[in-house]
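For reference, the structure discussed in these notes is given below.
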Amino acid sequence: MTMHTADHTVTFAPHSENTRLLRDAFGRFATGVTVVTTNSEDGPVGITANSFSSVSMDPPLVLWMPDKGSRRFRYFETAEHYAIHVLSHEQAEICNGFARNAHAFDQLTYRLCDEGVPLIENCLARFECKLFAAYEGGDHLIVLGQVTQAEMRSGDALTFFSGKLGQIVPK
(Lines give C-alpha, C1' and ligand atoms only; values in the text may rest on other atoms or scores of the structure.)
Protein backbone atom coordinates (compact mmCIF):
# COMPACT_ATOMS: atom_id res chain seq x y z
CA MET A 1 0.00 0.00 0.00
CA THR A 2 1.24 3.49 -0.87
CA MET A 3 0.06 6.56 0.99
CA HIS A 4 0.85 10.22 0.25
CA THR A 5 0.29 12.52 3.20
CA ALA A 6 0.06 15.85 1.34
CA ASP A 7 -3.03 14.96 -0.71
CA HIS A 8 -4.01 11.78 1.15
CA THR A 9 -3.60 9.53 -1.90
CA VAL A 10 -3.80 5.84 -1.03
CA THR A 11 -2.74 3.11 -3.48
CA PHE A 12 -3.52 -0.51 -2.66
CA ALA A 13 -4.22 -3.94 -4.10
CA PRO A 14 -7.71 -5.02 -2.99
CA HIS A 15 -7.89 -8.13 -0.83
CA SER A 16 -10.00 -9.57 1.96
CA GLU A 17 -8.09 -7.71 4.68
CA ASN A 18 -8.65 -4.21 3.27
CA THR A 19 -12.27 -4.24 2.11
CA ARG A 20 -12.88 -0.93 3.92
CA LEU A 21 -10.31 0.75 1.65
CA LEU A 22 -12.00 -0.63 -1.44
CA ARG A 23 -15.44 0.43 -0.18
CA ASP A 24 -14.06 3.94 0.47
CA ALA A 25 -12.52 4.07 -3.02
CA PHE A 26 -15.83 2.99 -4.60
CA GLY A 27 -17.51 5.72 -2.53
CA ARG A 28 -15.49 8.39 -4.38
CA PHE A 29 -17.88 7.97 -7.32
CA ALA A 30 -20.89 10.23 -6.76
CA THR A 31 -24.15 8.49 -7.62
CA GLY A 32 -27.81 9.22 -7.57
CA VAL A 33 -30.00 7.40 -5.08
CA THR A 34 -32.82 5.03 -5.97
CA VAL A 35 -35.37 2.93 -4.16
CA VAL A 36 -36.33 -0.29 -5.90
CA THR A 37 -39.75 -1.70 -5.02
CA THR A 38 -41.62 -4.90 -5.73
CA ASN A 39 -44.52 -6.89 -4.37
CA SER A 40 -43.85 -10.02 -2.33
CA GLU A 41 -45.55 -12.70 -0.28
CA ASP A 42 -44.92 -10.35 2.68
CA GLY A 43 -46.52 -7.35 0.94
CA PRO A 44 -44.83 -4.37 -0.71
CA VAL A 45 -41.05 -4.19 -0.17
CA GLY A 46 -38.35 -1.72 -1.09
CA ILE A 47 -34.60 -1.37 -0.93
CA THR A 48 -32.32 1.65 -1.27
CA ALA A 49 -29.77 1.24 -4.06
CA ASN A 50 -27.17 3.45 -5.69
CA SER A 51 -26.05 0.74 -8.13
CA PHE A 52 -28.27 1.83 -11.02
CA SER A 53 -27.53 2.66 -14.65
CA SER A 54 -29.21 3.06 -18.00
CA VAL A 55 -28.05 0.37 -20.45
CA SER A 56 -29.89 0.44 -23.78
CA MET A 57 -32.43 2.49 -25.70
CA ASP A 58 -33.57 -0.37 -27.94
CA PRO A 59 -34.77 -2.33 -26.14
CA PRO A 60 -35.10 0.11 -23.23
CA LEU A 61 -32.96 -1.49 -20.50
CA VAL A 62 -31.70 -0.43 -17.08
CA LEU A 63 -29.64 -2.31 -14.54
CA TRP A 64 -29.28 -2.40 -10.80
CA MET A 65 -27.36 -4.70 -8.50
CA PRO A 66 -28.80 -5.99 -5.23
CA ASP A 67 -26.37 -7.28 -2.60
CA LYS A 68 -26.70 -11.04 -2.13
CA GLY A 69 -26.00 -10.53 1.58
CA SER A 70 -29.02 -8.27 2.06
CA ARG A 71 -31.95 -9.64 4.07
CA ARG A 72 -34.14 -8.31 1.21
CA PHE A 73 -32.26 -10.09 -1.57
CA ARG A 74 -34.76 -12.97 -1.63
CA TYR A 75 -37.54 -10.60 -2.67
CA PHE A 76 -35.64 -9.11 -5.59
CA GLU A 77 -33.72 -12.08 -7.00
CA THR A 78 -36.99 -13.62 -8.19
CA ALA A 79 -39.04 -10.46 -8.88
CA GLU A 80 -40.52 -10.53 -12.38
CA HIS A 81 -41.73 -6.93 -12.04
CA TYR A 82 -40.25 -4.05 -10.06
CA ALA A 83 -39.91 -0.28 -10.14
CA ILE A 84 -36.79 1.85 -9.78
CA HIS A 85 -37.44 5.29 -8.27
CA VAL A 86 -34.80 8.02 -8.71
CA LEU A 87 -35.06 10.16 -5.58
CA SER A 88 -35.04 13.95 -5.40
CA HIS A 89 -33.09 15.84 -2.73
CA GLU A 90 -36.44 16.27 -0.93
CA GLN A 91 -36.70 12.49 -0.48
CA ALA A 92 -33.73 11.75 1.80
CA GLU A 93 -36.17 10.43 4.44
CA ILE A 94 -37.47 7.88 1.93
CA CYS A 95 -33.90 6.78 1.22
CA ASN A 96 -33.14 6.41 4.93
CA GLY A 97 -36.46 4.69 5.61
CA PHE A 98 -35.85 1.95 3.05
CA ALA A 99 -32.21 1.62 4.10
CA ARG A 100 -33.55 0.57 7.54
CA ASN A 101 -36.84 -1.15 6.73
CA ALA A 102 -38.06 -3.11 3.70
CA HIS A 103 -41.65 -2.16 4.57
CA ALA A 104 -41.14 1.61 4.96
CA PHE A 105 -44.29 2.50 3.04
CA ASP A 106 -46.28 3.67 6.10
CA GLN A 107 -45.58 7.41 5.70
CA LEU A 108 -45.48 7.40 1.88
CA THR A 109 -47.86 8.29 -0.88
CA TYR A 110 -47.78 5.33 -3.23
CA ARG A 111 -50.04 3.28 -5.47
CA LEU A 112 -49.88 -0.19 -7.00
CA CYS A 113 -49.44 -0.62 -10.75
CA ASP A 114 -51.26 -3.31 -12.73
CA GLU A 115 -48.54 -5.85 -11.81
CA GLY A 116 -48.95 -5.06 -8.09
CA VAL A 117 -45.64 -3.20 -7.79
CA PRO A 118 -45.73 -0.27 -5.34
CA LEU A 119 -45.01 3.03 -7.08
CA ILE A 120 -43.68 5.88 -4.92
CA GLU A 121 -45.02 9.28 -5.94
CA ASN A 122 -43.08 12.52 -6.63
CA CYS A 123 -39.71 10.99 -7.56
CA LEU A 124 -37.44 12.64 -10.12
CA ALA A 125 -37.91 9.60 -12.35
CA ARG A 126 -39.50 6.19 -12.10
CA PHE A 127 -38.92 3.14 -14.28
CA GLU A 128 -41.42 0.30 -14.17
CA CYS A 129 -39.57 -2.82 -15.28
CA LYS A 130 -39.99 -6.45 -16.10
CA LEU A 131 -37.06 -8.80 -15.62
CA PHE A 132 -34.98 -9.08 -18.79
CA ALA A 133 -31.93 -11.01 -17.50
CA ALA A 134 -29.84 -11.57 -14.37
CA TYR A 135 -26.13 -12.35 -14.10
CA GLU A 136 -23.80 -13.34 -11.32
CA GLY A 137 -21.64 -10.45 -10.18
CA GLY A 138 -19.58 -11.59 -7.21
CA ASP A 139 -21.41 -10.66 -4.01
CA HIS A 140 -24.13 -8.88 -6.03
CA LEU A 141 -26.62 -9.94 -8.70
CA ILE A 142 -26.61 -7.87 -11.91
CA VAL A 143 -30.28 -7.39 -12.81
CA LEU A 144 -31.31 -6.07 -16.23
CA GLY A 145 -34.83 -4.77 -16.48
CA GLN A 146 -36.80 -3.84 -19.56
CA VAL A 147 -38.55 -0.53 -18.97
CA THR A 148 -42.28 -0.86 -19.65
CA GLN A 149 -43.31 2.56 -18.34
CA ALA A 150 -41.33 5.66 -17.34
CA GLU A 151 -42.13 8.92 -15.60
CA MET A 152 -40.05 12.01 -14.81
CA ARG A 153 -40.34 15.47 -13.31
CA SER A 154 -38.11 18.47 -12.65
CA GLY A 155 -36.12 18.84 -9.45
CA ASP A 156 -32.72 18.46 -7.84
CA ALA A 157 -31.12 15.05 -7.41
CA LEU A 158 -30.38 13.28 -4.14
CA THR A 159 -26.78 12.05 -4.30
CA PHE A 160 -24.55 9.65 -2.43
CA PHE A 161 -20.84 10.39 -2.10
CA SER A 162 -18.25 9.14 0.37
CA GLY A 163 -20.92 7.55 2.56
CA LYS A 164 -23.09 10.67 2.80
CA LEU A 165 -26.22 11.98 1.15
CA GLY A 166 -26.04 15.26 -0.75
CA GLN A 167 -27.67 17.23 -3.52
CA ILE A 168 -26.89 18.13 -7.11
CA VAL A 169 -28.31 21.44 -8.27
CA PRO A 170 -28.05 22.16 -12.01
CA LYS A 171 -26.49 25.52 -12.96
Side-chain angles (χ1 to χ4, degrees), residues 14-16 19-20 22-27 29-88 91-152 157-161 163 165:
H15 59 79
S16 62
T19 57
R20 181 76 253 170
L22 185 57
R23 180 178 290 275
D24 290 348
F26 285 157
F29 181 68
T31 67
V33 179
T34 69
V35 169
V36 183
T37 59
T38 194
N39 200 5
S40 76
E41 65 276 3
D42 297 328
V45 293
I47 189 170
T48 300
N50 69 333
S51 59
F52 164 78
S53 183
S54 59
V55 175
S56 171
M57 296 293 286
D58 186 19
L61 299 176
V62 294
L63 73 74
W64 76 289
M65 295 171 279
D67 182 344
K68 292 178 184 177
S70 169
R71 293 184 315 269
R72 298 173 215 177
F73 180 73
R74 66 186 175 102
Y75 298 122
F76 293 98
E77 74 173 319
T78 60
E80 288 294 319
H81 296 275
Y82 57 90
I84 299 173
H85 306 80
V86 178
L87 300 184
S88 78
Q91 296 177 309
E93 287 184 30
I94 294 173
C95 166
N96 292 329
F98 282 104
R100 290 187 301 270
N101 178 4
H103 306 281
F105 290 93
D106 295 344
Q107 307 298 320
L108 293 181
T109 302
Y110 75 96
R111 64 182 173 82
L112 300 179
C113 70
D114 291 342
E115 287 79 23
V117 174
L119 304 176
I120 301 169
E121 299 296 332
N122 301 315
C123 297
L124 282 184
R126 180 176 56 228
F127 304 96
E128 295 175 47
C129 302
K130 66 179 179 178
L131 181 64
F132 184 81
Y135 305 97
E136 291 300 314
D139 57 7
H140 284 64
L141 185 67
I142 301 166
V143 180
L144 281 173
Q146 184 164 354
V147 178
T148 59
Q149 188 77 22
E151 179 178 299
M152 65 179 174
L158 181 63
T159 60
F160 188 70
F161 177 76
L165 295 175

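Judged as a salt bridge (Lys or Arg N to Asp or Glu O under 4.0 Å), not a single pair has a partner in residues 43-59 (not counting sequence neighbours). Applying the side chain to side chain donor-acceptor pair (under 3.5 Å) definition to pairs two or more places apart or across chains, those involving residues 139-151 are R126-E151. Every pair passing side chain to side chain donor-acceptor pair (under 3.5 Å) that includes a residue from residues 108-120 is listed here, sequence neighbours excluded: R111-E121.
T34 OG1 to I94 CD1: the interatomic distance, rounded to the nearest 0.5 Å, is 12.0 Å. Within the model, atoms OH of Y135 and CD1 of I142 stand 9.0 Å from one another, a figure rounded to the nearest 0.5 Å. Taken from OH in Y75 to OG1 in T38, the straight-line distance is 11.0 Å, to the nearest 0.5 Å. Of the inter-residue distances, the one linking T37 atom OG1 with F105 atom CZ reads 5.5 Å to the nearest 0.5 angstrom.
A pairwise comparison of heavy atoms in L124 and A157 identifies CD1-CA, 3.5 Å as the closest pair. Heavy-atom minimum distance, A99 versus T48: N-OG1, 3.2 Å. Looking at every heavy atom in both residues, N39 comes nearest to G116 through CB-O, 3.2 Å. The shortest heavy-atom contact between E128 and C113 is OE1-CB, 3.6 Å.
Qualifying ring-ring contact (aromatic ring centres under 6.0 Å, His included) partners for F73, counting only residues two or more places apart in sequence or in other chains: none. Residues forming a side-chain hydrogen bond (donor to acceptor under 3.5 Å, both in side chains) with R100 (at least two apart in sequence, or on another chain): none. Every residue two or more places apart in sequence or in another chain that forms a salt bridge (charged side-chain N to carboxylate O under 4.0 Å, His left out) with D42 is listed here: R74. For F127, the ring-ring contact (aromatic ring centres under 6.0 Å, His included) test picks out F52, with sequence neighbours left out.
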>> With side-chain contact (heavy atoms from CB on, under 4.5 Å) as the criterion, how do F76 and V45 come out once you've worked through the C-alpha distance, each side chain's angles and the decisive distance to 0.1 Å?
In response: CA-CA 9 Å; F76 293 98; V45 293; 4.1 Å; yes

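For the pair L87 and F98, the minimum side-chain heavy-atom distance is 4.5 Å or more. Contact check for S88 versus L158: no side-chain heavy atoms found under the 4.5 Å cut-off.
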Considering only distance and modelled atom types, tabulate donor-acceptor pairs under 3.5 Å from the side chains of residues 61-70, sequence neighbours left out.
unit_1, atom_1, unit_2, atom_2, d
D67, OD1, G69, N, 2.7
K68, NZ, E136, OE1, 2.1
K68, NZ, G138, O, 3.0
S70, OG, R72, N, 3.0

Identify every side-chain donor-acceptor pair in residues 77-86 under 3.5 Å, counting partners at least two apart or on other chains, and give the distances.
unit_1, atom_1, unit_2, atom_2, d
Y82, OH, G145, N, 3.2
H85, ND1, V35, O, 2.9
H85, NE2, I120, N, 3.0

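Remark: side-chain polar atoms of Q91 are paired, donor with acceptor, to backbone N or O of N122 under 3.5 angstrom.
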